[in-house]
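Reminder, nothing fancy here: chain letters follow the sequence lines and each chain counts from 1. Keep in mind it's a predicted model, so treat the numbers as computed, not measured.
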2 protein chains.
Amino acid sequence: MQRYFLNISYDGTNYHGWQIQENANTVQTEVEKALSTILRTPTPVHGSGRTDTGVHAIEQVAHLDVNLNFPLEDLPFKLNGVLPDDIVINNARAVKPEAHARFDAIRRSYQYKIHQKRNPFKGGQSYFYSRVVDVEKMNEATELLIGEQDFQSFSKVKTEVNNFICTIEKAEWISENDSLTFHVTANRFLRGMIRALVGTLLEVGIGRMTKDEFSEIIKGKDRRLAGRAVPPEGLYLSAVKYPEEIYLD
Amino acid sequence: MQRYFLNISYDGTNYHGWQIQENANTVQTEVEKALSTILRTPTPVHGSGRTDTGVHAIEQVAHLDVNLNFPLEDLPFKLNGVLPDDIVINNARAVKPEAHARFDAIRRSYQYKIHQKRNPFKGGQSYFYSRVVDVEKMNEATELLIGEQDFQSFSKVKTEVNNFICTIEKAEWISENDSLTFHVTANRFLRGMIRALVGTLLEVGIGRMTKDEFSEIIKGKDRRLAGRAVPPEGLYLSAVKYPEEIYLD
């Protein structure tokens, strides 16, 4: 058996998230089904982390153990041939036998996409928010996120986790024409964290909250202080980073 | 009563085309329903032309006659508030009482979008075609389309029309990264014409047909000579042009 990392993109609109569930269609279900078809044996995969219903991935990573009787380059091609069009395998790489898609990830990046002018072609793939926002003010507040901090104020209340410390390396809003994208990279994220951050930063953008008030919310460590979460359709897992030494190629 | 032109964008994925039909949801049905809701009276609209099931519009135009009891600028805003997210009214302009969205159009432009690398986010909005194509060769053949010609070879066989003469002003393939877009502008188009043209030009692109053979197909005036039509999801009505003098603003 050899371990591989699959690099996967998907439009999450029609799925109940990444993770396998009974009686609900998920991305993981589809990927495992495709693998079983191609490899003719049940083949579980382990993702780098969950994505919620309606959330997308430009780059999700999952590992699996298989014996291939064809060249590795053919695996993405064969899988894409049987997968639905909204899930695409970008590549497959051989990794060390102990490499783990979830536990070895050192950094994850997300994007949250907003369009400010109505656009019929962005359905399910971006959040429509038409209020005028001050992007400079939003970026000033966003800078407060950088570093190692307790982000309990932006965590889902019902969660098994009791460590709310995350190290945010990068967080920035980029405005282009009628689009606005929040880029964020951290060692880990809490459940619902990015959607709560974006919802709260939009309140800064429309002038309903100051940078100082945003700072107080972080310090308060109480989810009730933060703004409303924005919907899942704008959220994209965009990169998962591993140490180079786990790859065999 | 005052006549207005509505400028409309839509994602056609979920509609049986533009034109009203019984027992099928169409874009025109939705627009008239929204108008009736806002204006509280049944309000028919007349489009610049049909689009088929699954075909999109970056810019479709339709005229209507109404008495507005609020500013014209509010009409798009009010309509967008009740329309589904995949239909957007971009603007409304007052026109002369005899102006007609279909008969006064002097020029129509379409785009046909192709993506050559699998992309889960382009579902329904672009045609996935992975074979390597020679865009230069396609553009050499495409130049033969320019001018006033009989395009019967690219018309649907079952059609009420018996005039197949169209004047193509502009036709060009533009290649960018993994995308390929066919841009075409003419005074009129025949049913199924662009999808048949694109399908045939792709055969030139993959080397299965020469420029001379393409020329013979145009001259042959027989639909059986041309290539297979590509699917509707890549097709966009992108502009409808009228003489400036029909506008009152």
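Taking 4.5 Å as the limit, some side-chain heavy atom of B/Val88 sits within range of a side-chain heavy atom of A/Pro120.
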May I have a table of the donor-acceptor pairs connecting chain B and chain A at distances under 3.5 Å?
from, atom 1, to, atom 2, distance (Å)
B/Phe121, O, A/Gln125, NE2, 3.1
B/Gln125, NE2, A/Phe121, O, 3.1

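Residues meeting the side chain to side chain contact (heavy atoms under 4.5 Å, CB included) test with B/Ala186, sequence neighbours left out: B/Ile168, B/Phe189.
For residues 65-91 of chain A, no residue pair satisfies the ring pair (Phe, Tyr, Trp, His ring centres under 6.0 Å) rule, not counting sequence neighbours.
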